Amino acid sequence: MPELPEVETTVRAISSFKNKKLEKVIIHNRNLRWKIEKDLEDLSANKKILNISRRAKYILMQLSDHCLMIHLGMSGKLRIQKRKDNFFKKHDHVEFIFKNEKIIFNDVRRFGSIHITKDVNKHPLIENLGIEPLSKNFNKNYLYKLCNHSDLDIKKLIMDQKKIVGVGNIYASESLFISSISPLRKAKKIKLEDCDKLVKAIKKILRYAIKMGGTTLRDFYSADGSEGYFKLKLNVYGLENEACKRCGQKIKKIVVGQRSTFYCSSCQS
DNA sequence: CTGAGATCCTGTCTGC
DNA sequence: TGCAGACAGGATCTCA
């Protein structure tokens, strides 16, 4: 599921929990990507949610003196449910219980993770994260500097969370298509004008995907149960052998850094 | 420091 | 139908 737009969509879907009291956390399975800290239940019980936000692909729930960090991994999702509705789905691992409702963390593949920490900005998984692509500081000069001397393929570079956060496999393919850059181009061969196009493409596609409520490819749905409709607008992702919308040539599927990558070899170079 | 590759886990789809 | 193998939107860790 989740790249930046899907996480942002989830954050917005649970934003109504701001200022509500988290009564308790019930953990059914601690074995996520990392084992959930054993004091998480104690530290988060009966704490007011002061703020709900996003950093990179992390959902942050700020409590009075700690911060809950939730990463959805590849298959994680949050689901809002009435507290009295006592049903479970397969792979429901954690429940965040409020007065009338609860938020349930469900994750088939358990690549997601949940942490609690005092100073979220100093958490090892947070402190080395790269720039937010929707921030003003992410501009052509910034990207050009990142590309400078890098031996990485450009697609791997824009997916590197230590450089730029939030761009995953789908939006990497899509933004490279929009900016007519081959995913195989070496980052150090990217010109300033390409950076300009790519930055604009990344911002445009992330904003648009957020507006559409994320991408529903397999089974992404937001915490309120609504689906994302961005899938209707994909240009290359998952469209192997279909005609390029720009030039009509067949879209190719290749592997870059062990990830499926879709592009048009005719109009992306 | 950089970059390549293996790896965690479960479910679904494809091809024989 | 059964079953093996490939593949899935992430990101860390190990090693060269």
Side-chain angles (χ1 to χ4, degrees), chain A residues 1-10 28-36 54-59 69-78 89-93 105-115 123-130 133 145-177 183-188 202 205-206 209-210 212-222 227-241 253-262:
Chain A
M1 160 178 97
E3 302 182 36
L4 187 151
E6 292 73 37
V7 178
E8 181 66 29
T9 299
T10 302
H28 302 289
N29 185 353
R30 309 191 88 83
N31 298 309
L32 304 181
R33 172 74 199 265
W34 288 281
K35 206 164 190 132
I36 297 177
R54 177 190 62 74
R55 168 71 175 118
K57 295 174 190 168
Y58 288 90
I59 297 162
M69 298 163 43
I70 302 171
H71 196 294
L72 299 174
M74 277 173 103
S75 56
K77 14 184 158 341
L78 298 181
K89 295 189 177 180
K90 206 173 177 185
H91 309 298
D92 281 350
H93 304 310
F105 176 84
N106 178 291
D107 187 358
V108 178
R109 292 171 71 186
R110 285 191 275 129
F111 284 9
S113 64
I114 300 178
H115 303 269
H123 193 279
L125 293 170
I126 298 281
E127 69 170 345
N128 294 317
L129 288 171
K145 225 179 246 177
L146 287 178
C147 289
N148 215 0
H149 304 308
S150 172
D151 277 327
L152 286 176
D153 301 326
I154 186 62
K155 180 179 182 244
K156 291 179 82 176
L157 185 139
I158 61 174
M159 288 178 67
D160 184 341
Q161 302 299 302
K162 292 194 164 34
K163 297 187 167 69
I164 305 165
V165 303
V167 179
N169 207 29
I170 294 179
Y171 299 116
S173 279
E174 292 295 320
S175 56
L176 287 166
F177 173 78
L184 295 170
R185 180 116 61 100
K186 289 291 175 194
K188 59 186 172 192
I202 289 171
I205 202 150
L206 292 179
I210 290 169
M212 289 291 147
T215 297
T216 297
L217 209 64
R218 256 140 221 260
D219 56 357
F220 174 71
Y221 52 83
S222 186
E227 287 197 345
Y229 291 97
F230 189 67
K231 63 176 171 185
L232 303 173
K233 300 289 183 180
L234 293 175
N235 284 304
V236 285
Y237 190 87
L239 299 176
E240 185 184 13
N241 289 330
K253 178 182 179 181
I254 58 173
V255 174
V256 178
Q258 302 164 284
R259 309 298 295 278
S260 297
T261 301
F262 298 85

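Within every chain, numbering begins at 1; the chains are lettered A, B, ... in the order of the sequence lines, protein sequences first and strands thereafter. Note that the coordinates shown come from a computational prediction; the quantities given were computed from them, not determined experimentally.
Side-chain N/O atoms of A/His71 include none lying less than 4.0 angstrom from OP1 or OP2 on C/dG10. Residue A/Lys162 places none of its side-chain N or O atoms closer than 4.0 Å to OP1 or OP2 of C/dA11. When the side-chain nitrogen and oxygen atoms of A/Lys57 are compared with OP1 and OP2 of C/dG9, none of them lie within a distance under 4.0 Å. A close approach under 4.0 Å does not occur between any side-chain nitrogen or oxygen of A/Arg33 and OP1 or OP2 of B/dC9.
Taking the side-chain hydrogen bond (donor to acceptor under 3.5 Å, both in side chains) definition, one finds that A/Arg185 meets it with A/Asp194, sequence neighbours left out.
You'll find the side chain of A/Arg110 reaches within 4.5 Å of the side chain of A/Asn29, heavy atoms only. Side-chain contact between A/Ile154 and A/Cys147 is present, with heavy atoms from C-beta onward closer than 4.5 Å. Counting heavy atoms from C-beta on, the side chains of A/Thr10 and A/Pro2 never come closer than 4.5 Å. With contacts defined as side-chain heavy-atom distances shorter than 4.5 Å, the pair A/Tyr237/A/Asn169 qualifies. Side-chain contact between A/Leu146 and A/Asp160 is absent, with no heavy-atom pair separated by less than 4.5 Å.
Rounded to whole Å, atom P of B/dT2 lies 11 Å from atom CG of A/Leu157. If you take CZ of A/Arg55 and C1' of C/dG10, they are 16 Å apart, rounded to a whole angstrom. A/Lys90 has its NZ atom 8 Å from the C1' atom of B/dG11, to the nearest Å. As a whole-Å value, the separation of A/Tyr171 OH from C/dG10 C1' is 15 Å. Atom CD of A/Glu3 is separated from atom P of C/dA11 by 9 Å (rounded to the nearest Å). One interatomic measurement links the two molecules: CG of A/Asn148 to P of B/dC1, which rounds to 18 Å at whole-angstrom precision. Between the CG atom of A/Asp160 and the P atom of B/dC1 there is a distance of 14 Å, rounded to whole Å. Atom-to-atom, NE2 of A/His93 to C1' of B/dC8 comes out at 13 Å; the value is rounded to the nearest Å.
Of all nucleotides listed (C/dG9, C/dG10, C/dT12), C/dG10 comes nearest to the side chain of A/Met159.
Comparing B/dT14 with C/dG9, their P atoms are spaced 15 Å from each other, to the whole Å.
Judged by atom type and distance alone, A/Arg109 reaches the base of B/dC9 through a side-chain donor-acceptor pair under 3.5 Å.
A donor-acceptor pair shorter than 3.5 Å cannot be found between the side chains of A/Lys90 and A/Asn106.
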Step by step, work out the side-chain contact (heavy atoms from CB on, under 4.5 Å) result for A/Ile114 and A/Phe105. CA-CA 9 Å; A/Ile114 300 178; A/Phe105 176 84; 3.9 Å; yes
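Helical stems involving DNA chain B, defined as 3 or more consecutive Watson-Crick or G-U pairs under 3.5 Å, span B:2-8 with C:10-16, B:10-16 with C:2-8.
Aromatic ring pairs are classed by plane angle as parallel below 30°, tilted from 30° to 60° and perpendicular above 60°; the pair A/Tyr58 and A/His71 is perpendicular.
Minimum heavy-atom separation, A/Leu125 to A/His115: CD1-NE2, 3.3 Å.
With centres under 5.5 Å and a plane angle under 30° as the test, the ring of A/Phe111 is not stacked against the base of C/dA11.
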Taking only nitrogen or oxygen atoms into account, show me every contact under 3.5 Å that the protein makes with nucleotides 3-6 of chain B, one pair per line with its distance.
from  : atom 1 : to       : atom 2 : distance (Å)
B/dG3 : OP1    : A/Ser150 : OG     : 3.2
B/dG3 : OP1    : A/Asp151 : N      : 2.4
B/dG3 : OP1    : A/Leu152 : N      : 3.2
B/dA4 : OP2    : A/Lys156 : NZ     : 2.8
B/dA6 : N7     : A/Gln258 : OE1    : 3.4
B/dA6 : N7     : A/Gln258 : NE2    : 3.1

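Where A/Lys253 and A/Gln161 meet DNA chain C, the nucleotide closest to each residue was compared, and A/Lys253 sits on the side nearer the 5' end.
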